[in-house]
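One structure is given here, and the rest of the page talks about it.
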Amino acid sequence: MKSLGGKLDHQKNDIKWQRYWLKHKLFATRPRKGKKKYILDMFPYPSGDGLHVGHPRGYTASDILAHYYRYKGYNVLHPIGFDAFGLPAENAAIKKGVHPEVNIKKNTKRFMEQLKMLGFSYDWERVINTSEPSYYRWTQWLFLLLYKNGLAYRKESYVNWCPKDKTVLANEQVVHGCCERCGSQVSQEKRRQWFFKITELADQLLSGLDDLDWPNGTKELQRNWIGRSKGADIEFKINNSKLKIKVFTTRPDTLFGATYLVLAPEYKDVLKIVAPECLQKVEDYIKTANKKTELERVANNKDKTGVFSGSYAVNPATNQEIPIWIADYVLGGYGYGAIMAVPAHDERDWDFARKYKLPIVEVIDAQKNSLPFVGDGKLINSGKFSGMVATAGGSAITKLVGGKLTTKYKLRDWLVSRQRYWGAPIPVFYDKDDKIILVDEKDLPLLLPKDVEFNPTGESPLMGSKKFKQIPLKYKKLGAVRREYDTLDTFVCSSWYFMRYVDNENNKSLADLKKLDYWLPVDVYIGGTEFANSHLLFARFITKVLYKLGLINFDEPFKKLQHQGLVLGDGGEKMSKSKGNVVNPDEIVEGYGADALRVYEMFMGPFDQYIPWSMAGVEGAKRFINRLWGLNIVSKALETDRAIHKLISKVTSDIESLHFNTAVSSFMEFVNLATDKGITLKTFKTLAILVSPFAPHLAEEINHKLGSRKSVFVSKWPEFDAKLIEDPVVTIAVQVDGKLRATLDVGRDISENKVKSMALAIESVSKYLINKDNSKYHYVPRKIINFISK
RNA sequence: GGGCAGGUGGUGGAACGGUAUACACGCGACACUUAAAAUGUCGUGCCGCAAGGAUUGUGGGUUCAAAUCCCACCCUGCCCACCA
């Protein structure tokens, strides 16, 4: 009996094999035909803090998958890169007084070192960085493409404005009325901004979700965000005016109960509709409403406010005059910014009507329910439609009044311009009439200048660049008098990065079509839930646009998506710098080795679940590694030789189903057995392969010590013998009336009668069956026999 | 208010119709040691001296059998939130 000897020095061993992998470029993707797997992590934002212990949870999982599929003979693409543009980098640079580029270079270098220190098998020849001209050239190209196809436009509109960061924010970046980054209250400002027409694809974005292998919750999140509702457009005439008011309603069946109309304060013709004697009051109301932040509007949702416009519209169903009100419980940005109010059957209208003493007409029989009644029922007070089932009457009533059945979405167009420096410049000039002159594709990239001061002033810091201010002769001739100084939202950069990896050095196109065809869509995409309604939606949008334009042959970017759960602080709270509970992987790697960290992160619990960090857990993982390393090699170990087949089967299926925690516990069970019984050389070699995706440095060293001159990763994934997985002896539970009374260890092919007689012979079983019929029972072979005494 | 995920020992969790608590942490005892750490061995969900009993958030249901399926409710976390 002997073991591999000594204690494994994890520090030396980690570095030894990391150098070996890099030197031999073991994990670089080579052009090759055959089946493929594209295993992708959401690329990190290279912040100054470096990796925290949450990053390796997802990265280890994807690394295991990448290794596994390589073993299984797939051509695997497993790249990493950096989402390097954007506000945090710029803010950090301002704080430290260093140019963001310098800072980002430093941070990405640190990230790379940390990723290598954890032994991840990324293809280091394909690292991308969205802030490099060779990358953002294609981000700009994408912008031009969208513009030329009518999917990018410029519009003056109310936008979310963060007074501290001095920038416009996308809806996705506003959380409870506050800036997602700095927490300041966001105000509404009217500005001219660039938008991508994501709403045009709302329907495809919605229906495309059905076939995706994504977590249901995430699909549901996107469905709700896109927010399709079916209903009708109905026009109302205004008394003494040529104007009409168009409303959208999901309940045209309740039209007979519409007793007033409400316009949002932002409604475009609002002042033209107001009667002269009410003008002053309405103007005042609109002013106060505009001053309210989104937070205040929501906070007041129980106490609605509004003013009467002094004008009346006509309900086209009843031909009765109904008053027009202006109230901020109606949103300017959804539907037409105008609603028909049916207080009897809508809670919000009910609250408002009660407060301002407006008439309430019941048009659906609420029966025993109190008003407002929002359910379905029989129509009443609805002319010839009375008696119909409400939901069925909707389209008939719409038809009667000349309305139109339509679909509306909550999704708004994507605001992509930012008044900040650290982003891809928008490749556009303007002439003296503010007409758009596109930068020629051949002139891309439109470089981000470096001679700038970046103190946020509300205008882009790009305006401070003398170089950038100059307009090339070519564009002067076209009439250009000024540049676009805004830059693109970083989500634009990250909406296509997964395509760039397949051909990251291409300077003729975004990526070669053949390579895209081969590698995409991504087979497994791993990352957090927090991007459900931003990155994951935008990437789908851009992919669908390129597909529609015939530039690529896939219309969904990520076939399978899996979220990793957050790693929480020791006490179960979210890790954050302010709480001081952030764990740095460097210390763990130094103290316990990369393998212990990887094994612990996989073992801590189900992959998609939030789990608190535990130092004791890391120690446990380290102990497991030491035990595995120290196994006694013997010439004969029947039980261990048999058990490895079970292990192969279990680990294989657990990896495929992403149940990494139970894979690790099966390793532990096996090692416990092998500690007891010893392990043969052959089985040890197999074990090294199985464990290598989880603990690559350990596996390499065992493989090496066992005499192999090649890397363990050029091995074949072991096959198991199905016959050896079945235990020759099985334990059968003996129950009486569902209660466990005994167990029987018997051969697996024992007969039913034999089990029955053996079970009845056990005293602790028979005593419950005295004077009772013992002929009724249920038998499940190899599992259970349950006697029924009643 | 709506949507989603989830409630199992002291802790992270396993089992997802068929012996609930695998694996690990923690704890206890012992061995090794002058001693400690490390390591190893054994024990360890709860009540009970024991036989035994109750037990997977709560209450019902289906079933020979339910942590697992169905219904209602409670709690926690995340996301959205006046979307007509």
Side-chain angles (χ1 to χ4, degrees), chain A residues 7 175-176 215-221 223-225 227-229 231 247-251 254 258 262 264 294 297-302 304 327-331 333-342 345-349 351-352 408-412 529-530 532-533 563 565-566 568 572 574 600 603-606 608-621 623-624 626-627 630 659 661-672 675-676 731-744 764 776-790:
Chain A
K7 228 179 136 189
V175 179
H176 297 300
N216 272 326
T218 308
K219 290 206 237 180
E220 209 49 38
L221 234 43
R223 284 195 191 104
N224 293 339
W225 186 260
R228 175 162 63 190
S229 32
V247 307
F248 173 71
T249 176
T250 53
R251 295 298 300 271
T254 62
V262 189
E294 224 167 284
R297 269 197 178 193
V298 173
N300 291 339
N301 78 36
K302 275 288 140 198
K304 298 185 170 34
D328 67 2
Y329 82 90
V330 171
L331 305 172
Y334 184 73
Y336 303 104
I339 62 151
M340 64 178 217
V342 186
H345 305 290
D346 182 282
E347 271 174 52
R348 296 149 300 182
D349 299 342
D351 290 344
F352 193 75
K408 290 272 181 296
Y409 300 90
K410 281 189 219 172
L411 186 70
R412 321 274 178 93
T529 8
E530 64 270 34
N533 289 331
H563 298 302
L566 279 182
L568 304 170
K574 222 173 176 173
Y600 169 62
F603 181 59
M604 66 198 318
D608 57 357
Q609 200 162 299
Y610 286 24
I611 312 269
W613 178 258
S614 152
M615 219 48 221
V618 181
E619 283 172 31
R623 251 173 252 161
F624 157 73
N626 286 341
R627 277 157 69 91
H659 292 145
N661 56 329
T662 48
V664 174
S665 61
S666 339
F667 278 124
M668 288 170 169
E669 278 178 88
F670 179 85
V671 168
N672 288 345
T675 303
D676 194 19
T731 305
I732 291 181
V734 183
Q735 296 184 337
V736 178
D737 295 327
K739 269 195 194 298
L740 182 73
R741 295 302 176 187
T743 58
L744 280 172
S764 65
K776 270 196 287 177
Y777 64 90
H778 268 260
Y779 175 66
V780 181
R782 296 191 265 276
K783 289 238 157 95
I784 202 160
I785 182 160
N786 185 17
F787 292 97
I788 305 136
S789 72
K790 291 160 210 162

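Chain letters run A, B, ... following the sequence lines, proteins first, then strands; residues in each count from 1.
- Lys7(A) comes within 4.0 angstrom of no nucleic acid atom, judged by non-hydrogen atoms across all strands.
- Without hydrogens or angle criteria, Asp346(A) side chain to Asp349(A) main chain gives a donor-acceptor distance under 3.5 Å.
- Taking atom P on both nucleotides, rA24(B) is separated from rG60(B) by 38 Å, rounded to a whole Å.
- In this structure, Lys304(A) is not positioned above the aromatic face of Phe352(A) in the sense of NZ or CZ being under 6.0 Å from the six-membered ring centre and within 45° of the axis.
- When the C1' atom is used for both rG6(B) and rU58(B), the distance is 16 Å, rounded to whole Å.
- Nucleic acid contact class of Arg741(A) (heavy atoms, under 4.0 Å, all strands): sugar-phosphate only.
- Among all heavy-atom pairs drawn from Thr218(A) and Thr529(A), the shortest one is OG1-CG2, 4.3 Å.
- For Ala616(A), whose side chain is taken as the heavy atoms from C-beta onward, the closest listed nucleotide among rC25(B), rC82(B), rC64(B) is rC25(B).
- One finds no side-chain N or O of Tyr777(A) lying less than 4.0 angstrom from the OP1 or OP2 phosphate oxygen of rC64(B).
- In this structure, Gln609(A) reaches the sugar-phosphate backbone alone: every heavy-atom distance under 4.0 Å involves primed, P, OP1 or OP2 atoms, never a base.
- For Leu740(A) and rU19(B), the CG to C1' distance is 5 Å, given to the nearest whole Å.
- Nucleic acid contact class of Arg228(A) (heavy atoms, under 4.0 Å, all strands): none.
- Glu347(A) has its CD atom 11 Å from the C1' atom of rG2(B), to the nearest Å.
- For Asn626(A) and rA38(B), the shortest distance from a side-chain N or O to OP1 or OP2 is not below 4.0 Å.
- Every residue meeting the side chain to side chain donor-acceptor pair (under 3.5 Å) condition with Glu619(A), not counting sequence neighbours, appears here in chain and number order: Tyr592(A).
- Rounded to whole angstrom, the span from the NE2 atom of His563(A) across to the P atom of rC4(B) amounts to 15 Å.
- Lys410(A) comes within 4.0 angstrom of a nucleotide base, judged by non-hydrogen atoms across all strands.
- Rounded to an integer number of Å, the gap from CG of Asn661(A) to C1' of rA24(B) is 11 Å.
- Nucleic acid contact for Gly620(A): sugar-phosphate only, since backbone atoms but no base atoms lie under 4.0 Å from a heavy atom of the residue.
- If you find the closest nucleotide of RNA chain B to Ser764(A) and to Thr218(A), the one lying nearer the 5' end belongs to Thr218(A).
- The side chain of Arg623(A) lies closest to rU39(B) when the candidates are rC82(B), rU39(B), rU19(B).
- For rG9(B), the base is syn relative to its sugar; the glycosidic angle is within 90° of 0.
- Going from atom CG of Leu568(A) over to atom C1' of rU76(B) covers 13 Å, rounded to whole Å.
- Aromatic ring pairs are classed by plane angle as parallel below 30°, tilted from 30° to 60° and perpendicular above 60°; the pair Tyr600(A) and Trp613(A) is perpendicular.
- Crowding of Glu347(A) atom CD: a count of heavy atoms from other residues, nucleotides or ligands under 6.0 Å not exceeding 12.
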Pairing annotation in dot-bracket form, given for RNA chain B with Watson-Crick or G-U pairs under 3.5 Å and | for cross-strand partners: (((((((..(((.....[....)))((((((.......)))))).((....))...(((((..]....))))))))))))....
